[in-house]
Protein chains: 2
Amino acid sequence: MSYRPTAKTRARRKAQHESLLKTAVSIVARDGFQGLTISRLARETGIATGTVYKYFDSKAHLCAEVFRRATEREVEMVQAASFPEQPASCRQRLTDAVTIFAERAILGGQLAYALIAEPVAPAVEQERLIYRKAYAGIFEQLIEEGVKINEFPDQSPSVSAAALVGILAEVLVAPLGRGDAVTDQNQLIDPIREFCLRAIT
Amino acid sequence: MSYRPTAKTRARRKAQHESLLKTAVSIVARDGFQGLTISRLARETGIATGTVYKYFDSKAHLCAEVFRRATEREVEMVQAASFPEQPASCRQRLTDAVTIFAERAILGGQLAYALIAEPVAPAVEQERLIYRKAYAGIFEQLIEEGVKINEFPDQSPSVSAAALVGILAEVLVAPLGRGDAVTDQNQLIDPIREFCLRAIT
DNA sequence: TAAAGAAGTGAACCATGATTCACACCTATT
DNA sequence: AATAGGTGTGAATCATGGTTCACTTCTTTA
């Protein structure tokens with residue numbers, strides 16, 4: 001035997017992996033998953049198509065990682081709003097969570113659309129379910145807590161949580177797919193927030 | 001000139017068109033849009049693949065028609081529940097509409113999933129937007145009426161309507177994509193209905 | 001520096017499935 | 001019967017885009 005990957009080597013590999021992922025996310029942010037092809041990713045990264053396969057087993061794996069990556073931060077933000085450092089009422093936390101989600105989705109534009117609503121291959125869809133479940137999980141926990149301390153009326157936390165995800169997806173993100181420009185952010189966010197609060201409280 | 005299509009000829013053509021459409025819908029009901037290919041449609045109808053193109057300009061057109069066809073009845077049912085013959089309170093009508101939608105979606109299974117949630121080609125997605133808009137339109141009208149007579153609190157009918165569509169899509173249909181069997185229909189419908197009513201009233 | 005294990009290359013390959021097309025057959029008009 | 005549209009055929013063609021592979025180049029170790 002005469003070759004063993006060393007720290008430097010592994011670092012380079014990791015960096016390349018990272019670079020590919022970053023480029024991939026940026027492609028999705030620009031043109032959605034529809035725009036993400038192996039050859040384009042290779043071209044924009046400045047390598048050969050075959051090389052991509054040294055870093056990702058298949059396109060499905062690539063998409064899954066892109067999805068995870070692009071998603072993490074979003075879910076974290078909502079998580080943070082739902083379970084903040086300083087104590088706050090469930091009602092307030094729910095408001096904040098919905099607001100954060102909405103603001104980021106509107107800001108995110110194409111990326112938000114790609115993550116939530118864009119038609120994609122089943123393999124990616126699978127990943128999306130995980131993503132939606134992550135949101136639903138956060139909401140569910142929050143609602144459960146609210147119900148327990150009687151701040152919210154009795155309800156099925158899991159159904160209510162899924163419903164919230166559906167509301168946000170449909171009202172905020174779907175319009176992006178239609179290319180509807182969001183003229184006034186608050187004009188959209190306010191009614192959504194109110195709707196959600198009425199529904200839960 | 002020496003040939004003009006006659007009534008009998010046009011009838012035959014229409015019948016064939018109808019037969020193709022019916023077969024196509026049944027394929028979608030079984031295996032979703034994913035399962036709908038020109039060659040399979042031809043096979044199941046008992047004609048050659050090329051013949052399909054005598055009746056549909058392209059697959060996109062075919063899908064659009066399938067979508068429209070499968071959709072019509074569904075939207076009609078909800079429309080009927082929302083604006084019944086006998087007068088009823090907006091609240092009651094909303095309840096009925098949501099119930100009808102939910103029941104039919106659960107019954108419909110794969111078809112409901114295909115119409116609302118299955119990942120499809122952008123061209124079909126376009127058609128789906130029309131479909132969702134049809135539902136949203138019904139709800140919007142109903143909510144508007146309820147707000148006007150002060151049966152519902154003040155709110156943005158268009159946002160609330162879209163939200164309802166999102167709720168129904170996410171809570172009812174998305175699980176079908178996961179293959180979650182619906183064990184108890186009412187166990188799912190009841191909380192949804194309550195959620196929607198709380199949100200609107 | 002020779003050997004061995006990665007990484008990089010990119011054109012060829014493959015899979016899928018829509019679409020076409022040259023031709024045969026049918027149907028209405030004169 | 002001759003002619004002009006239609007309809008039906010299905011193998012061949014196209015398009016797209018993922019995936020492979022034989023080969024080269026780089027890195028590390030002995």
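For clarity, every value in this text was computed on a predicted model and none was experimentally measured. A note on names: the letters A, B, ... follow the listed sequences, proteins ahead of strands, and every chain is numbered from 1.
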(message) Does this structure show an ion pair linking B:E44 with B:R40, if we count only N-O contacts that are shorter than 4.0 Å?
(response)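 Yes, this pair counts.
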
(message) Check this for me: does any side-chain nitrogen of one of A:R68 and A:E65 sit under 4.0 Å from a carboxylate oxygen of the other?
(response)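 No salt bridge links A:R68 with A:E65.
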
From [atom1] of [X] over to [atom2] of [N], roughly how many Å is that when rounded to an integer?
X	N	atom1	atom2	result
B:K8	C:dT29	NZ	C1'	15 Å
A:F56	C:dG8	CZ	P	12 Å
B:I38	C:dT16	CD1	C1'	13 Å
B:L41	C:dT16	CG	C1'	17 Å
A:R4	D:dC26	CZ	P	22 Å
B:F33	C:dA18	CZ	P	13 Å
A:I27	D:dG17	CD1	P	13 Å
A:R12	C:dG5	CZ	C1'	15 Å

(request) Using the closest heavy atom to pick a nucleotide of DNA chain C for each, name whichever of A:Q16 or B:S39 lands nearer the 5' end. (result) A:Q16

(request) Could you say whether B:K54 or B:S58 is positioned toward the 5' end of DNA chain C, judged by the nucleotide with the nearest heavy atom to each? (result) B:S58

Answer yes or no: does a side-chain N or O of [X] lie under 4.0 Å from OP1 or OP2 of [N]?
X	N	value
B:T6	C:dT27	no
A:T9	D:dT28	yes
A:T51	C:dA7	no
B:R13	D:dG6	no
B:Y3	C:dT29	no

Of all the nucleotides listed ([options]), which has the minimum atom distance to the side chain of [X]?
X	options	value
B:K59	C:dG10, C:dA7, C:dA18	C:dA18
B:A48	C:dA6, D:dG10, C:dT29	D:dG10
B:T37	C:dT19, C:dG17, C:dA28	C:dG17
B:Y53	D:dG8, C:dT9, C:dA18	C:dA18
B:I47	C:dT9, C:dG8, D:dT9	D:dT9

(message) Tell me whether the rings of B:F67 and B:Y131 are parallel (<30°), tilted (30 to 60°) or perpendicular (>60°).
(response)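 Perpendicular.
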
(message) Within the 4.5 Å heavy-atom criterion, are A:Q16 and A:R12 side-chain neighbours or not?
(response)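 Sidechains of A:R12 and A:Q16: no contact.
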
(message) Going by side chain to side chain contact (heavy atoms under 4.5 Å, CB included), A:I138 matches just one of A:I143, A:V75, A:L164, A:V165. Which one?
(response) A:V75

(message) A cation-pi test, strictly: NZ or CZ of A:R13 under 6.0 Å from the centre of the six-membered ring of A:Y55 and no more than 45 degrees from its axis. Yes or no?
(response)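 Cation-pi check for A:R13 and A:Y55: passes.
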
(message) Both B:V52 and B:P5 contact DNA chain D. Which one's nearest nucleotide lies toward the 5' end?
(response)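 Its nearest nucleotide being more 5', the pick is B:P5.
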
